[in-house]
**Student:** 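Before we start, here is the structure in question, set down as structure tokens.
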2 protein chains.
Amino acid sequence: MTSLSARLATSGPIDVSLFDSRVTTGFDGDKADAAAAMVTLGEELSDLQERLFAQARAGVGTQRILLVMQGMDTSGKGGIIRNVAGLVDPQGLRITAFKKPTAEELEHDFLWRIEQALPDAGQIAIFDRSHYEDVLIGRVRELVPPEEVERRYEAINDFEQRFVDDGGTVVKCFLHITPEDQKERLAERLADPSKYWKYNPGDIDERLLWSDYAVAYGIALERCSTQTAPWHVVPSGRKWYRNWAMATLLAEALRAMDLQWPGAEYDVEAEKARLRAS
Amino acid sequence: MTSLSARLATSGPIDVSLFDSRVTTGFDGDKADAAAAMVTLGEELSDLQERLFAQARAGVGTQRILLVMQGMDTSGKGGIIRNVAGLVDPQGLRITAFKKPTAEELEHDFLWRIEQALPDAGQIAIFDRSHYEDVLIGRVRELVPPEEVERRYEAINDFEQRFVDDGGTVVKCFLHITPEDQKERLAERLADPSKYWKYNPGDIDERLLWSDYAVAYGIALERCSTQTAPWHVVPSGRKWYRNWAMATLLAEALRAMDLQWPGAEYDVEAEKARLRAS
């Protein structure tokens, strides 16, 4: 059976605006079926994450995961943190939402703040936006000279390769929605006072540059989808499918690690005797 | 109806060794009833936490929560993070497990590393062990001179008062188990290879000092249970009750904040028009 990762992975030139946001690749069922599947996936993820964490705690594992999420506003980054990351022990998570860089961050190379948010051994780090912003909004808004944007694609590939060499697994996901999906979701936020805080007038400014972003995403996905760290295009027009797909991609990454419970670093029988005597 | 917080709060002299670890104060039911109650509590916690987070994001709230957990090994700090903290959006959590201080940490005042782990506005910080270690193991193991331990109780009270003045709510919980409860749980860890990693031979060394720790806890709880930041003794001999009680204490703290969805900082109708035109 082909993995979902293989089915959603992209390589070579890509035009994200041609993708369907509402397909349910790899999932045979509807919303209710997905809810049931998430329960099972949640149990598996919880078990695998604990093994990953345990290995590092016992000092026998350097494995770690970096989940990178990119996508236009309302594509679902926050929802995935709540509904997918929320399935595992929060103690093993390291979540960072990257905003507009601060003055201090701008004084350093664009990867400086990223380095600091990488997972320790045993952790799953989740990036809500990432170093890719520096070749997305950086390119669209011309925040840096074109030659600096050019330099960054290779710098990112080198950076991710070093992370993988260090025991890391990178799962990169472009959450694909259409302008129509976004319009509907922004309208929902403006129609519901409990969602006002999620809306920002700047969202429309970015929306007006949709086709420029599509071009920038196409270049980034082509240049930075590598063998060691491929990009995935996750159809995100249906929230239930998006959550199932993200949980599945995470589970596949964990399964591939062949995680075992660490053995005892002490004499189990001797400790049982000490405990009995205590 | 008296709150659970009021029922479990302690003030004045206290001998923790006299408490029953298996009572189910404030809960009328059994394990199955608690599981059902946790579903309802989980939904409420999730909603309240999102409001807390939203207020801070919208720049209209400085409220934040610090949940401090202390207790002997196996009292359930990890289980609470998984089962109670796991009920809310992990994006709003800041979890720190305090270990033996590093060389760098030892070069600073004992509260230095604590300051850095405090919650930002809108966050719920969870301390798995805390600054109280510095008057617990610090006292029992005589890691610092007695006069320095003495100084710390007041320093802690001042520190917590400053945090509360800054919009914080402190929920301090001593997870009470008996030496027999611990013996049973350590034996379980030594009997199950998937739990070996949770066991450390040093656990027995600390266990042998149980009565010294009981004295140190008694003093810390008496000296540092203040009006603004009371200590709670949470009976933790039954895991299901312990989780319910911790979820309830957290919910009570959040309810007391009277959290509202923040209003729009922009003109909703104008934005609807911009969206339609986009």
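Heavy-atom basis, side chains included; hydrogens, waters and symmetry copies ignored. A note on names: the letters A, B, ... follow the listed sequences, proteins ahead of strands, and every chain is numbered from 1.
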**Student:** Where on A/L93 is there a heavy atom nearer than 4.5 Å to chain B: the side chain, the backbone, both, or neither?
**Tutor:** side chain
**Student:** Can you tell me which portion of B/L208 sits under 4.5 Å from chain A's heavy atoms? Options are side chain, backbone, both or neither.
**Tutor:** side chain
**Student:** Given a strict heavy-atom distance threshold of 4.5 Å, which part of A/L190 is in contact with chain B: side chain, backbone, both, or neither?
**Tutor:** both
**Student:** Between A/I204 and chain B, which part of the residue has a heavy atom less than 4.5 Å away: side chain, backbone, both or neither?
**Tutor:** both
**Student:** Just list the donor-acceptor pairs under 3.5 angstrom between chain B and chain A, please.
**Tutor:**
{"from": "B/S46", "atom 1": "OG", "to": "A/R82", "atom 2": "NH1", "distance (Å)": "2.7"}
{"from": "B/E50", "atom 1": "OE1", "to": "A/R82", "atom 2": "NH2", "distance (Å)": "3.3"}
{"from": "B/R82", "atom 1": "NH1", "to": "A/S46", "atom 2": "OG", "distance (Å)": "2.7"}
{"from": "B/R82", "atom 1": "NH2", "to": "A/E50", "atom 2": "OE1", "distance (Å)": "3.3"}
{"from": "B/K183", "atom 1": "NZ", "to": "A/R276", "atom 2": "O", "distance (Å)": "3.1"}
{"from": "B/K183", "atom 1": "NZ", "to": "A/S278", "atom 2": "O", "distance (Å)": "3.1"}
{"from": "B/Y196", "atom 1": "O", "to": "A/Y266", "atom 2": "OH", "distance (Å)": "2.9"}
{"from": "B/Y199", "atom 1": "OH", "to": "A/E271", "atom 2": "OE1", "distance (Å)": "2.6"}
{"from": "B/P201", "atom 1": "O", "to": "A/R274", "atom 2": "NH1", "distance (Å)": "3.2"}
{"from": "B/D205", "atom 1": "OD1", "to": "A/R274", "atom 2": "NH2", "distance (Å)": "2.7"}
{"from": "B/R207", "atom 1": "NE", "to": "A/S278", "atom 2": "OG", "distance (Å)": "2.6"}
{"from": "B/Y266", "atom 1": "OH", "to": "A/Y196", "atom 2": "O", "distance (Å)": "2.8"}
{"from": "B/E271", "atom 1": "OE1", "to": "A/Y199", "atom 2": "OH", "distance (Å)": "2.5"}
{"from": "B/R274", "atom 1": "NH1", "to": "A/P201", "atom 2": "O", "distance (Å)": "3.2"}
{"from": "B/R274", "atom 1": "NH2", "to": "A/D205", "atom 2": "OD1", "distance (Å)": "2.7"}
{"from": "B/R276", "atom 1": "O", "to": "A/K183", "atom 2": "NZ", "distance (Å)": "3.1"}
{"from": "B/S278", "atom 1": "O", "to": "A/K183", "atom 2": "NZ", "distance (Å)": "3.0"}
{"from": "B/S278", "atom 1": "OG", "to": "A/R207", "atom 2": "NE", "distance (Å)": "2.7"}

**Student:** Using a cut-off of under 4.5 Å on heavy-atom pairs, state which of A/A85, A/G86, A/P201, A/P262 scores highest against chain B.
**Tutor:** A/P201
**Student:** Identify which of B/A264, B/A58, B/A54 forms the greatest number of heavy-atom pairs closer than 4.5 Å to chain A.
**Tutor:** B/A54
**Student:** Please classify the contact of B/L186 with chain A as side chain, backbone, both or neither, using a heavy-atom distance under 4.5 Å.
**Tutor:** both
